[in-house]
Amino acid sequence: MGKMDGKVALVTGGGQGIGRAIALRLSQDGFAVAVVDLNESTAQSVAGEIAKAGGHSLALKVDVSVRDQVFAAVQETAEKLGGFDVIVNNAGIAPSKLLDDVTLADFDKLFHINVTSVLWGMQAAAAQFRELGHGGKIINASSQAGHVGNANLGIYSATKFAVRALTQTAAQEYAQYGITVNAYCPGIVQTPMWSGIDKEITASKGEAIGDATKEFGSKIALGRLSIPEDVSAFVSFLAGPDSDYMTGQSPLIDGGMMFL
Ligand SMILES: NC(=O)c1ccc[n+]([C@@H]2O[C@H](COP(=O)([O-])OP(=O)(O)OC[C@H]3O[C@@H](n4cnc5c(N)ncnc54)[C@H](O)[C@@H]3O)[C@@H](O)[C@H]2O)c1
Ligand SMILES: CC(=O)[C@H](C)O
């Protein structure tokens, strides 16, 4: 019996990387999980992994930058999985570009996918919790790059700083409804996103692939990069009953460069 049996969670960007690990872990915790992703195929694959392991799941193709699609996904999840208790606004992109080279189109796309998607997810989840007559948990993906501006990732860093602002503000505004709002801020996690960054940064510097990983990794006390399961273990805590007291906190845990 999972500790969260009967509860329902929605994970955006659940088709790969950190989102996939979160979806699988919340299912192991007992949640029924809606796996939401722009990539329908990977969303269905992760939902299939959950079902094969005996869990309840739903795969939804959603562009999280489109408000109506996010609201529709939350509604469909509540209807098909029988409730709604947790949303994890995890989806994001991380293109590497020097500030000098950033265009308005780059800026708008990145803020729509990494920031407004979090706002739409929080609005949709809070509305659903209130419609169902109970509180709930909102969990947002920030980053170490939301605490320290990263060269070559300046606009990305700006989006992750913005997610922390939205998280801490929502925590204050939603507390009256019994809704907690927290963010996770991983360091460097071995996912397709990080592989892409490593390639782009090292190529732009004319260095060998992997040099960016060595550069970032050298600052990690534990001497290793994170894996998606490091993050999903923390999100499992945030989604569970032990974090009912936490909202908008941002204590720092050094070591794996995991910030809360
Ligand atoms: N990998 C890292 O080092 C790292 C570190 C800190 C924070 N993060 C953050 O964690 C989250 C997950 O990162 P990851 O490394 O797993 O990334 P990833 O690129 O491996 O996976 C991201 C997923 O989001 C989906 N996605 C992208 N745009 C979308 C959209 N518009 N609508 C719906 N889905 C969309 C992709 O299809 C993909 O499945 C991101 O918010 C990222 O910024 C990552
Ligand atoms: C570089 C980093 O921290 C990730 C991509 O958020």
Side-chain angles (χ1 to χ4, degrees), residues 10-25 34-47 59-70 72-73 87-97 108-121 139-164 166-167 183-202 212-213 215-217 219-220 224-232 234-235 256-260:
L10 183 154
V11 181
T12 71
Q16 70 181 39
I18 292 169
R20 172 179 172 272
I22 292 171
L24 297 179
R25 174 62 188 261
V35 183
V36 164
D37 205 294
L38 189 62
N39 184 325
E40 187 172 23
S41 169
T42 58
Q44 287 173 341
S45 173
V46 173
L60 296 174
K61 176 179 172 56
V62 176
D63 179 347
V64 295
S65 67
V66 179
R67 187 176 187 271
D68 287 351
Q69 291 190 28
V70 174
I87 189 168
V88 184
N89 294 305
N90 168 78
I93 61 173
S96 310
K97 252 195 178 179
D108 286 349
K109 179 179 178 181
L110 200 47
F111 267 80
H112 276 101
I113 292 173
N114 289 10
V115 181
T116 50
S117 65
V118 170
L119 178 59
W120 305 152
I139 304 166
N140 300 323
S142 180
S143 167
Q144 62 78 27
H147 292 256
V148 179
N150 289 191
N152 293 289
L153 289 166
I155 302 302
Y156 172 79
S157 269
T159 67
K160 293 305 181 179
F161 271 78
V163 169
R164 288 181 59 220
L166 290 178
T167 299
Y184 52 97
C185 307
I188 308 307
V189 189
Q190 297 174 69
T191 70
M193 174 183 279
W194 174 249
S195 299
I197 291 170
D198 190 354
K199 285 194 184 77
E200 288 175 354
I201 289 182
T202 42
T213 295
E215 178 194 335
F216 276 91
K219 300 166 191 164
I220 296 174
R224 69 167 178 87
L225 299 187
S226 294
I227 57 175
E229 290 70 23
D230 292 330
V231 185
S232 58
F234 181 59
V235 174
M257 278 178 68
M258 174 68 80
F259 301 89
L260 299 184

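Order of listing sets the numbers, starting from 1, for every ligand and every atom in it. Keep in mind that the numbers below use all heavy atoms, side chains included, and drop hydrogens, waters and symmetry copies. Remember, predicted model here, so these are calculated numbers, not experimental data.
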>> Which protein residues come within less than 4.0 angstrom of ligand 1, counting heavy atoms only?
In response: G13, Q16, G17, I18, D37, L38, V62, D63, V64, N90, A91, G92, I93, I113, A141, S142, S143, Y156, K160, P186, G187, I188, V189, T191, P192, M193
> Does the pair V231 and V235 meet the rule for a side chain to side chain contact (heavy atoms under 4.5 Å, CB included), with working shown?
Replying inline: CA-CA 6 Å; V231 185; V235 174; 4.3 Å; yes
>> So, taking the atom named NZ in K61 and the one named CG in D37, what distance separates them when rounded to the nearest 0.5 Å?
In response: 8.5 Å
>> Looking at every heavy atom in both F161 and G149, which two are closest together, and how far apart are they?
In response: CE1-N, 4.0 Å
> Can you tell me how far the CH2 atom of W194 sits from the CD1 atom of I18, to the nearest 0.5 Å?
Replying inline: 12.0 Å
> Partners of T116 by side chain to side chain contact (heavy atoms under 4.5 Å, CB included), sequence neighbours excluded?
Replying inline: H112, W120
>> Give me each pair satisfying side-chain hydrogen bond (donor to acceptor under 3.5 Å, both in side chains) with a member in residues 12-23, each pair once, sequence neighbours excluded.
In response: R20-E49
> How long is the span from the CG atom in L60 to the CD atom in Q44, to the nearest 0.5 Å?
Replying inline: 10.0 Å
> Can N140 and Y184 be counted as having a side-chain donor-acceptor contact under 3.5 angstrom?
Replying inline: no
> What is the distance from atom OG of S143 to atom CD1 of I188, rounded to the nearest 0.5 Å?
Replying inline: 6.5 Å
> In order of chain and number, which residues sit within 4.0 Å of ligand 2 by heavy atom?
Replying inline: S143, Q144, N150, L153, Y156, G187, I188, M193, W194, I197
